[in-house]
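Data block below; observations after.
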Amino acid sequence: MQERYRTVAREGVHEIEINRSRFLCTLAPAASEREAQEVIQRIRRQHPTATHNCFAYVIGADGAVQKASDDGEPGGTAGGPMLQMLLRREVRYVVAVVTRYYGGVKLGAGGLIRAYGGAVGEALDALGTVTRQRFRLATVTVDHQRAGKLENDLRATGRAVREVRYAEAVTIELGLPEADVAAFRDWLADTTAGTAVLELGGEAYQDM
């Protein structure tokens, strides 16, 4: 499983114009192929008079699902270059839709490849990306007397504290890189004189 991946920070649109043709690139996060398809259909409904709505998406931290469509442009001149740009920039869980309004000047195959790939590249630059790191979910249970200092120590050492709950005891949920689990267990035992209980859960990704 991938230790980290990049994705778009938010949905957005970036427009470029080449020889009077308008290229509107919509980038959106997509957790699944179904979500990616929903974005594509939504953009098509928003631009019913567009000449083309070409798309590409990459789903999975390891890029397991990859699809692209030229939507009527000459084969290999639109969706493929868009997909290659996403892969080159190492972004995942993302869908790109480039909506073209033809301006009357033919661009040729090379021009189309540069336009569609470039639209995605510029949109990534404009909208920005975030890096997500794979973490092991962990829960620390500690008494109230030590909880405040422990939470401060966790945050001071850059630990990814996700939630703190107060009941009879205090539970602190955090994310740990897999490679840090053993060292963290030792650190926790030293810091709390062996009184804290560490439980490991599943895995998740979160922003770095």
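Proximity of a side-chain donor or acceptor of Asp71 to a complementary backbone N or O of Asn53 within less than 3.5 Å is detected. At distances below 3.5 Å, not a single donor-acceptor pair connects side-chain atoms of Asp70 with backbone N or O atoms of Gly72. The main-chain N or O of Tyr93 is found under 3.5 Å from a side-chain atom of Thr7 such that the two form a donor-acceptor pair. Looking at Thr157, its side chain does come within 3.5 Å of a backbone N or O of Leu154 through a donor-acceptor pair.
No more than 12 heavy atoms of other residues, nucleotides or ligands lie within 6.0 Å of CD in Gln145, so this atom counts as exposed by the packing criterion.
Ion pairing of Arg155 with Glu151 is present here, as a side-chain N (NZ or NE/NH1/NH2) and a carboxylate O approach within less than 4.0 Å. Looking at Arg136 and Glu178, a side-chain N of the basic residue comes within less than 4.0 Å of a carboxylate O on the acidic one, giving a salt bridge.
Here Leu107 contributes atom CG and Tyr102 contributes atom OH; the two are 7.5 Å apart, rounded to the nearest 0.5 Å.
Evaluated for a side-chain contact (heavy atoms from CB on, under 4.5 Å) with Ile43, the options Leu24, Val98, Val95, Thr26 yield exactly one hit, Thr26.
Qualifying ring pair (Phe, Tyr, Trp, His ring centres under 6.0 Å) partners for His47, counting only residues two or more places apart in sequence or in other chains: Tyr101.
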Are Cys54 and Met82 close enough, and set up right, to give a side-chain contact (heavy atoms from CB on, under 4.5 Å), and what steps lead you there? CA-CA 9 Å; Cys54 306; Met82 293 167 61; 4.0 Å; yes

side-chain contact (heavy atoms from CB on, under 4.5 Å) between Val58 and Leu87, worked out: CA-CA 8 Å; Val58 182; Leu87 295 173; 4.0 Å; yes

Show me the donor-acceptor pairs, under 3.5 Å and distance only, between side chains in residues 168-175 and residues at least two apart or in other chains.
residue: Glu173; atom: OE2; partner: Arg165; partner atom: NH1; Å: 2.8
residue: Glu173; atom: OE2; partner: Arg165; partner atom: NH2; Å: 3.4

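Between Tyr57 and Val97, the closest side-chain pair of non-hydrogen atoms is not below 4.5 Å. His52 places none of its side-chain heavy atoms less than 4.5 Å from the side chain of Thr99. Arg4 is not listed as a side-chain neighbour of Arg134, based on a closest heavy-atom distance of 4.5 Å or more. Residues Glu35 and Ile40 form no side-chain contact, since every pair of their non-hydrogen atoms from C-beta on lies 4.5 Å or further apart.
A perpendicular orientation is assigned to the rings of Tyr116 and Phe23, their planes being inclined by more than 60° (bins at 30° and 60°).
Residue pairs meeting the salt bridge (charged side-chain N to carboxylate O under 4.0 Å, His left out) criterion with at least one member in residues 103-125, sequence neighbours excluded: Arg89-Asp125.
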